[in-house]
J.: 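Sharing a structure with you now.
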Amino acid sequence: MEEYDVIVVGAGHAGSEAAAAAANMGAKTLLITMDMTKIAQMSCNPAMGGIAKGQIVREIDALGGYSGIVSDRSSIQFRMLNKSKGPAMWSPRAQCDRIKFSIFWREELENIRNLDFWQDSVVKVLIKREKAVGVETKMGVKIYGNEIILTTGTFMNGLIHIGSKRAEGGRISEPRSTGLSEQMKELGFRVGRMKTGTPARLDGRSIDFSKFVEQKEDPESGQFSYMPVKGKKLKRRSCYIVYTNPEVHQVLVQSLDESPLFNGTIQSIGPRYCPSIEDKIVTFADKGKHQLFLEPEGEYTNEYYLNGFSSSLPWKAQWDAMRRIPGFEKVKIFRPGYAIEYDYFDPTQLSRTLETKIIKDLYFAGQINGTTGYEEAAAQGIMAGINAALKVMEREPFVLKRDEAYTGVLIDDLILKGVNEPYRMFTSRAEYRMLLRQDNADYRLTEKGYKLGLVKEERYKRMVEKYNKRDEILKMIEEYSVSPDQINDLLEKKETSRLRQKVKLKDVLLRPQVTLKELLKNIDTVRDKIEEDEIINQDELISAIEIAIKYGGYINREKMMADKLKRLENLKLRKNIEYTKMKSLSTEARQKLDKIRPATIAEASRISGVSPSDISVLLIHMGR
């Protein structure tokens, strides 16, 4: 077989983004998957985004990735979460058609030049002089490439549990992959074991929806991508809020001795923030109910996903418990929930580009690094794909800092702190979340994507025009004086004090009770200026203007903090420092620094167990 610049193993969310990025940057790329019909398969719930995850999808889109575009094409419901809080917390989420999501992803990939496909299972990475040079497949085919990216998800030595029944597999009814874990372990990689789970799939024809709280999409709908959605929108579907009760819990408690989570069969660690239903009733034994979400699997299907009820209990116990929930008295299941154990590699063995420190030209991305979630996987995938292509081209690596993107926070956390449970992104993990809002991902990252060759001219110009227009209108609002007779009726209606004389429009907009959209109804000059450009999304523009005015103080303060800390990022540490011989460091700091080998003082300061006094010792060692 011909030689490739980049070979991507696995076509999940990480692999699909990695292959697309590398190929779109001009690298001759091969994507290897065990099943061409399962590209970017939504193994768990059929949704993209959510708290902090929605910000990541926007970032991928701003860089020129496909997760946002495919989510919008397959969306059957769109909501903006946390709207009652400040804009740093707003998080977009889309319910998607599971089948169409995979179909649309394949369609996008098949239309990328430089991208080839091979359906097979990789059993070995070909290595020469501590450098990855290709892969060998189950069919015995050897394929050579300059850069190799492993994105194996939950398939490496995957083991499925349903009560006492166990089956080898990466997903239900799909074979696991073997060989890679064993090889990596021999090469010196630290291999661990993690666990995740998924709920039963239910037959909507057997459910009484009148007993649930309906959850419709936002009236104004919305989308992830900064570009218009291709084609016609899919039929909109509602989700439903459901609750367990003490009777449900009693059935579950009686079956705990059959749960592999509690009888010692499963030894690996599951996700703390997405626990199984049996974990919930044990950890929160004092709670009489738990909230669940009933979510449609597609535009027209009767199949539903019961979010929050993942389980490894025997199928009969799951079914008996569900039938105690009002509305599920006659429920039928298409298949039970299950737990799955799989291998992962300690991510502290990676550099910031996601290239491994042990073997050159070998990259890991996705759940192989101990993360959970489609969005976290996709973000790692696009970064690995970008950096693999850049290395082939002998260009400088591409790294995002913590004040530039949630993607930067994610990778920084993984390589410096490692994981002891499946890693999930939250807004609380980002110290600069006012800078990393979902609404400004294009402002932060589109120019970077343009310079990489991932973002096309049309999109880049669109972004530049939007923010030029924002700044123009901001200046207008700062200079425009509004009279009492223009807006006093609105102010009275909003229960805020009336004007007695002319004031600057900006001062009125600083009032928390008043929104720009409401003010524009009374101020033709500013409204006409916003509406004169039909290409720019007016809702996006209005939101950008309002956030810049109402939260400008907070944003500027965070920028100052980030700029101060950037000085530490410029203080580079030598690769050959013998930390174990530096007796002034604490024992834990010596061990952690020797294991992780941070590149800068700033990275060293973020390692768990390295104290400020340890940083002082390093600065003295550097002559600072």
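Throughout, numbering of the chain's residues begins at 1 and tracks the sequence. The structure displayed is predicted, hence computed values, not measured ones.
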J.: Between the side chains of Arg511 and Thr496, is a donor N or O closer than 3.5 angstrom to an acceptor N or O?
T.: yes
J.: Between Ser483 and Gln486, do the side chains contain a donor N or O and an acceptor N or O under 3.5 Å apart?
T.: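 A donor-acceptor contact under 3.5 Å links the two side chains.
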J.: Going by distance alone, is a donor N or O of one side chain under 3.5 Å from an acceptor N or O of the other, for Arg171 and Ser43?
T.: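 Short answer, yes.
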J.: Working to the nearest 0.5 Å, report the span between CD1 of Ile368 and CG of Leu350.
T.: 9.0 Å
J.: Does Glu220 have more than 12 heavy atoms from other residues, nucleotides or ligands lying within 6.0 Å of its CD?
T.: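 Yes, enclosed.
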J.: Taking Thr33 for the side chain and Met36 for the main chain, is one N or O donor matched with an acceptor at less than 3.5 Å?
T.: no
J.: Does the side chain of Gln438 come within less than 4.5 Å of Ser91's, by heavy atoms?
T.: no
J.: Under 3.5 Å, is there a donor on one side chain and an acceptor on the other for Gln77 and Ser238?
T.: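 Gln77 vs Ser238: no donor-acceptor pair found between side chains.
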J.: Check the pair Glu532 / Lys529 against salt bridge (Lys or Arg N to Asp or Glu O under 4.0 Å), numbers first and verdict last.
T.: CA-CA 5 Å; Glu532 70 180 10; Lys529 193 68 180 172; 3.3 Å; yes
J.: With no hydrogens and no angle check, just 3.5 Å: does a side-chain donor-acceptor pair link Thr353 and Lys391?
T.: no
J.: Carefully, step by step, assess Glu375 and Ser67 under the rule side-chain hydrogen bond (donor to acceptor under 3.5 Å, both in side chains).
T.: CA-CA 8 Å; Glu375 303 83 1; Ser67 289; over 6 Å; no
J.: Tell me, do Met227 and Ile69 make a side-chain contact under 4.5 Å, heavy atoms counted?
T.: no
J.: Side chains of Asp97 and Tyr300: do they bring a donor and an acceptor to under 3.5 Å?
T.: no
J.: For the residue pair Thr154 and Gln367, confirm or rule out a side-chain donor-acceptor distance under 3.5 Å.
T.: no
J.: Taking salt bridge (charged side-chain N to carboxylate O under 4.0 Å, His left out) as the criterion, tell me which of Arg352, Arg606, Arg402 meets it with Asp413.
T.: Arg402
J.: Using a cut-off of 6.0 Å, state whether more than 12 heavy atoms not belonging to Arg557 lie near its atom CZ.
T.: no
J.: Minimum heavy-atom separation for Ala132 to Leu362, with atom names?
T.: CB-CB, 4.0 Å
J.: Are the side chain of Tyr450 and the backbone of Lys461 linked by a donor-acceptor contact shorter than 3.5 Å?
T.: no
J.: I'd like to know if the side chain of Thr151 and the backbone of Gly10 have a donor-acceptor N/O pair within less than 3.5 Å.
T.: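 Yes, because the side chain of Thr151 sits within donor-acceptor range (under 3.5 Å) of the backbone of Gly10.
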J.: Closest heavy-atom contact between Asp61 and Tyr226?
T.: OD2-N, 2.9 Å
J.: Should we count OH of Tyr467 as having more than 12 external heavy atoms under 6.0 Å?
T.: yes
J.: Report yes or no: does Asn146 contribute a side-chain atom to a donor-acceptor pair with the main-chain N or O of Val392 at less than 3.5 Å?
T.: no
J.: Kindly check if the number of other-residue, nucleotide or ligand heavy atoms within 6.0 Å of NZ (Lys504) is above 12?
T.: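 Enclosed: over 12 neighbouring heavy atoms sit under 6.0 Å from NZ of Lys504.
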J.: Evaluate whether atom CD of Glu2 has more than 12 neighbouring non-hydrogen atoms of other residues, nucleotides or ligands under 6.0 angstrom away.
T.: yes
J.: Is a donor on one side and an acceptor on the other found under 3.5 Å between the side chain of Arg236 and the backbone of Leu234?
T.: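 Such a contact is found between Arg236 side chain and Leu234 backbone.
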J.: Mind checking whether Tyr66 and His13 have ring centres under 6.0 Å apart?
T.: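 When the ring centroids of Tyr66 and His13 are compared, they turn out to be at least 6.0 Å apart.
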J.: Answer with yes or no whether the side chains of Thr37 and Arg106 bring together a donor and an acceptor at under 3.5 Å.
T.: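 There is no such pair (donor and acceptor under 3.5 Å, judged by atom type) between the side chains of Arg106 and Thr37.
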J.: Is the terminal nitrogen or CZ of Arg58 (NZ for Lys, CZ for Arg) located under 6.0 angstrom from the six-membered ring centre of Tyr406 and within 45° of that ring's axis?
T.: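 No, Arg58 and Tyr406 do not form such a contact.
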J.: Does a side chain donor of either Thr515 or Glu518 reach within less than 3.5 Å of an acceptor in the other side chain?
T.: yes
J.: Looking at Phe117, I want to see if its CZ is surrounded by more than 12 non-hydrogen atoms of other residues, nucleotides or ligands under 6.0 Å.
T.: yes
J.: Is there a donor-acceptor pair under 3.5 Å between the side chain of Asn369 and the backbone N or O of Phe364?
T.: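 Checked: pair present.
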J.: What is the minimum heavy-atom distance between Leu445 and Glu404, and which atoms define it?
T.: CD2-O, 4.1 Å
J.: So, do Phe293 and Tyr305 have ring centers that fall under 6.0 Å from each other?
T.: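 Between Tyr305 and Phe293, which both carry aromatic rings, the centre distance is not below 6.0 Å.
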J.: Answer yes or no: is there a donor N or O on one side and an acceptor on the other, between the side chain of Trp90 and the main chain of Leu81, under 3.5 Å?
T.: no
J.: Rounded to the nearest 0.5 Å, how far does CD1 of Ile51 lie from CE of Met89?
T.: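 Rounded to the nearest 0.5 Å, the CE-CD1 separation comes out at 6.5 Å.
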J.: When you measure from the side chain of Lys550 to the backbone N and O of Leu509, does any donor-acceptor pair fall under 3.5 Å?
T.: yes
J.: Would a 4.5 Å heavy-atom cut-off, applied to side chains only, mark Leu510 and Ile549 as touching?
T.: yes
J.: Would you compute the distance between atom CD1 of Ile149 and atom CG of Asn387 and round it to the nearest 0.5 angstrom?
T.: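 Nearest 0.5 Å value for the CD1-CG distance: 9.0 Å.
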J.: Please report the shortest heavy-atom distance between Ala377 and Ala14, naming the atom on each side.
T.: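 Distance-wise, the nearest heavy atoms are O-CB, 3.2 Å.
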J.: Do Glu558 side-chain atoms and Met434 backbone N/O form a donor-acceptor pair below 3.5 Å?
T.: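 Checking the backbone N and O of Met434 against the side chain of Glu558, a donor-acceptor pair under 3.5 Å is found.
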J.: In Å and rounded to the nearest 0.5 Å, what is the CG to CG distance from Leu519 to Leu491?
T.: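 These two atoms lie 7.5 Å from each other.
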J.: Taking the side chain from Thr29 and the backbone from Ala27, do they hold a donor-acceptor pair closer than 3.5 Å?
T.: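 A pair under 3.5 Å: yes.
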